[in-house]
Amino acid sequence: MLQHVNVSIDGAIIRAVRGASVLDTAIEYGICIPHLCHVPNLSDIGACRLCIVERVVNGRSKITASCTLTVEEGMVVLTSTDKVRRLRHNVAELLVTQAPNSRAIQDIAVRCGVTKVRYAFRNDNCVLCGRCVRVCTEVWRARAIGFVGRGKERHVDYPFGVRPPSCKMCDNCVQICPMTITPCDGPMKTGEERLCGNCESQLMIAEHTPSACTWCRLGEGFSCGRYAGKRAS
Amino acid sequence: MPRLNGYRELEHLRAQLLKDREATKTTVMVCGGTGCQASQSPAVIDAMNRELSRQAPGPSVRLCVTGCHGFCEQGPVMIIEPGNIFYCRVSPEDAFEIVSQTVMKGKIVERLLYLDPISGRRARTESEIPFYRAQDRRVLSQNRMVDPCSIEDYIATGGYSALVKAIRSIKPKDVAKEITASGLRGRGGGGFPTGRKWSECREAPGDEKYVICNADEGDPGAYMDRCVLEGNPHLVLEGMMIGAWGVGANKGHIYVRNEYPLAVKHSRIAVEQARSFGLLGNNILGSSFSFDVNIARGGGAFVCGESTALMASLEGKVGEPRPKDVHAVVDGLYHKPTVLNNVETWANVPAIINQGSAWFASKGTPGSKGTKILALTGRIRNTGLVEVPMGTSIRTVVFDIGGGPVNGNGVKAVQIGGPSGGCLPATKFDLPLDYDVLSEAGSMIGSGGMVVMDEESCMVDVARYFLAFLQDESCGKCVPCRIGVDRMLEIVTDITAGRGKPEHIDLLEDLADTVAQTSLCGLGKTAPNPVLTTLRYFRPEYEAHIHDKKCRAGVCKALITYSIDANKCTGCGVCLEGCVYGAVTGKKKQPHVIDPRLCQKCGICRSECKFGAVQVN
């Protein structure tokens with residue numbers, strides 16, 4: 001069986017590892033696709049929908065999340081068409097209005113072109129990206145936290161609300177949470193939420209694992225702050 | 001009952017059953033479906049049983065409790081053979097007269113016949129009733145004469161002959177070809193060609209394959225699958241067996257909502273009976289084909305009607321959808337190739353195998369073949385279960401079968417396809433029921449729920465209702481569906497509460513498009529449809545809510561005021577008595593007045609007033 005397949009991402013023909021996701025392939029090649037719930041070496045659930053791309057099949061394009069899309073021979077993917085940018089902007093806007101207190105989410109939103117929002121801020125503390133749940137389940141095999149409830153009631157909790165013995169207080173769930181990075185001037189007060197747009201992405205894991213996030217300088221695909229600044233000058 | 005070990009034994013049993021039934025001179029068929037049960041058909045059945053055993057004991061009269069007959073508005077309904085006499089709105093007190101007159105003497109009890117409100121005549125048989133006349137009952141045809149708890153009834157009416165035909169004379173790979181040739185498309189909503197699904201699953205690698213029957217019907221106002229599974233579970237089972245034979249599956253699942261107790265009960269009985277007859281299990285009818293069915297009960301989540309969420313739920317996981325980039329026909333239940341079809345789709349299969357794909361394809365439009373069951377509800381005269389050929393116009397369904405609107409109001413819109421479908425205005429009523437035509441118009445046939453709305457329905461409020469439903473039923477996994485639908489609900493609620501801003505319409509459209517395109521599963525992808533279609537066809541209503549702060553239908557409480565027309569008011573005082581908030585004042589025989597500060601807009605005064613003096617502005 002072939003170990004590699006050829007895919008076209010934004011016109012570049014990339015020799016990708018069979019079984020890899022389009023998101024991993026693109027990032028490895030240097031095409032940046034913004035993402036939030038994707039963490040290297042954890043399974044992908046396709047929850048945040050920031051990593052959406054346009055997949056072209058027989059001349060018809062379909063929007064799909066790239067983290068859960070596995071590369072196939074001859075696959076054609078576009079990561080930064082006008083349509084994708086517009087949709088990504090709208091999704092980022094939904095996220096940042098839900099949880100304006102996260103520097104990481106603010107940063108992603110700003111990089112997706114959200115400069116002002118059209119909804120009222122909501123000051124939730126969790127956007128249910130599921131990073132903590134997956135790191136607990138898949139890396140530490142502790143299954144100490146999980147999703148509870150459905151729809152608006154969905155939240156992360158211990159089984160039946162009690163911390164199980166399998167939780168070793170490793171703090172990984174806290175480390176990996178996009179909400180735990182303190183915003184510049186401390187938490188925003190209710191009613192004073194804003195988008196400053198000056199933050200760099202500070203997702204902790206990002207600095208050590210280059211494929212994790214938005215530090216790269218190739219972020220043209222979603223008008224990365226640094227890149228956009230250079231282009232403007 | 002001994003196991004049937006061969007095709008001949010089944011035929012022999014069928015002949016035996018028919019012979020046994022020759023002694024039965026009269027059959028009384030009473031609807032025991034959920035609709036009629038709600039209008040006390042169990043009491044009618046008890047009373048009939050009592051009267052029959054008193055007045056006509058012996059095998060000559062048989063009482064058969066059947067599934068849904070469709071005309072739920074007139075329930076409980078009863079058909080008496082011979083003569084095909086159709087009685088409706090039967091009460092337990094009528095049992096004596098029915099048995100003594102109709103059963104014993106063959107005389108008709110006039111007052112129990114259906115009264116046609118238009119012609120003013122009584123209809124003797126089903127075929128004389130306009131509700132049934134325009135229908136073409138194929139899937140539902142057996143519902144009226146088969147006891148769902150009796151496999152003998154089903155076999156006696158030719159049941160399981162399609163299975164025999166398939167196993168004996170059709171190669172598995174030709175089953176999918178036959179279905180493809182028939183043009184059958186999924187009846188659950190998507191309208192995916194069933195034959196293509198089967199052949200893709202057949203060709204998918206792997207020895208272990210599954211067939212699933214999706215009976216997790218959760219659309220508000222829809223109960224097609226419920227009635228098919230309740231009324232004729234063996235038909236669905238037979239369809240599943242043929243499907244399993246075609247794709248090479250040995251295991252099937254029926255995923256039925258726990259809120260359908262009768263459907264759960266009847267499908268369980270059907271599976272037990274089929275097992276004891278050797279129609280399920282190893283070496284069915286002496287052939288090499290083995291197949292068994294498991295009944296799984298759903299916990300009431302609407303999202304579990306979505307195929308991948310349903311499979312997750314079947315696997316014992318949380319009922320959440322997963323990305324569908326690889327189809328279930330390759331990677332489905334337990335990551336094995338799986339065919340998942342809706343109840344109605346399975347129920348169509350036996351007839352296609354028995355009578356051929358050409359027979360099936362003779363009805364319908366070029367793109368949509370066969371018949372479709374619709375659940376007709378809302379502000380309409382004849383609510384009930386309707387089966388019409390594809391291509392029938394919406395007008396025919398609403399006016400000819402449905403009998404038009406109640407209270408003489410004009411029909412404003414029809415909501416087709418449940419929360420995922422859309423509202424079509426009266427100007428679009430000439431559109432045929434066709435998957436492609438309706439989806440072009442922004443709606444969809446969906447599972448077949450059809451809610452008729454009249455001028456007293458506010459379309460913005462309808463959109464709000466469906467958004468609230470979807471927001472409540474969203475699993476919450478992905479951002480666009482969880483937050484996006486919630487934001488849409490927030491905006492639409494603002495509009496209905498008089499806080500709407502002009503830019504809200506554009507924002508709604510942009511957001512609806514985002515949710516539709518970026519959501520993970522079918523629930524989210526179709527969630528904006530109610531908003532998109534109402535915006536497309538009823539934009540002036542949104543604008544009136546936003547700019548003029550008026551709700552012309554008189555539904556949105558923040559935008560209406562109640563007042564009393566002094567010219568019409570006779571001062572009878574009924575409204576004054578009725579008002580729980582003390583908002584109505586006035587002296588006897590003098591026009592009354594509503595105090596807008598106290599009025600809570602409950603509408604009691606308006607419904608109480610016999611002179612139409614209470615007005616809504």
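Note on naming: letters A, B, ... go to the chains in the order of the sequence lines (proteins, then strands), and numbering restarts at 1 for each one.
Under a 4.0 Å N-O distance rule, the pair A:Arg55/A:Glu72 qualifies as a salt bridge. Salt-bridge formation is not detected for the pair B:Asp207/B:Lys336: no Lys NZ or Arg NE/NH1/NH2 atom is positioned less than 4.0 Å from an Asp or Glu carboxylate oxygen. Between B:Asp436 and B:Arg185 there is a salt bridge, since at least one side-chain N of the basic residue sits less than 4.0 Å from a carboxylate O of the acidic one.
With respect to chain B, the highest number of heavy-atom pairs below 4.5 Å among A:Thr70, A:Thr97, A:Ile52 belongs to A:Thr97. Across B:Asp472, B:Leu511, B:Val326, the residue that shares the most heavy-atom pairs under 4.5 angstrom with chain A is B:Leu511. Between chain B and the residues A:Arg122, A:Gln98, A:Lys62, A:Lys83, the largest count of heavy-atom pairs under 4.5 Å involves A:Arg122.
For B:Glu320, the part sitting under 4.5 Å from any heavy atom of chain A is the side chain, from C-beta outward, and nothing else. Neither the backbone nor the side chain of A:Leu50 comes within contact range of chain B; no heavy atom of the residue lies under 4.5 Å from a heavy atom of that chain. Interface residue B:Pro480: backbone and side-chain heavy atoms are both found under 4.5 Å from chain A.
Expressed to the nearest 0.5 Å, how far CZ of B:Phe302 lies from OG of B:Ser420 amounts to 5.0 Å. Residue B:Arg539 holds its CZ atom at 5.5 Å from CD1 of B:Ile505, rounded to the nearest 0.5 Å.
Residues of residues 485-501 of chain B lying under 4.5 angstrom from chain A, judged on non-hydrogen atoms, are B:Asp486, B:Arg487, B:Glu490, B:Ile491 by number.
At a cut-off of 3.5 Å, with distance as the only test, no side-chain donor of A:Thr68 or A:Asp44 sits close to an acceptor on the other residue.
Of all the heavy atoms in B:Ala527 and B:Leu470, the pair that sits closest is O-CD1, 3.5 Å.
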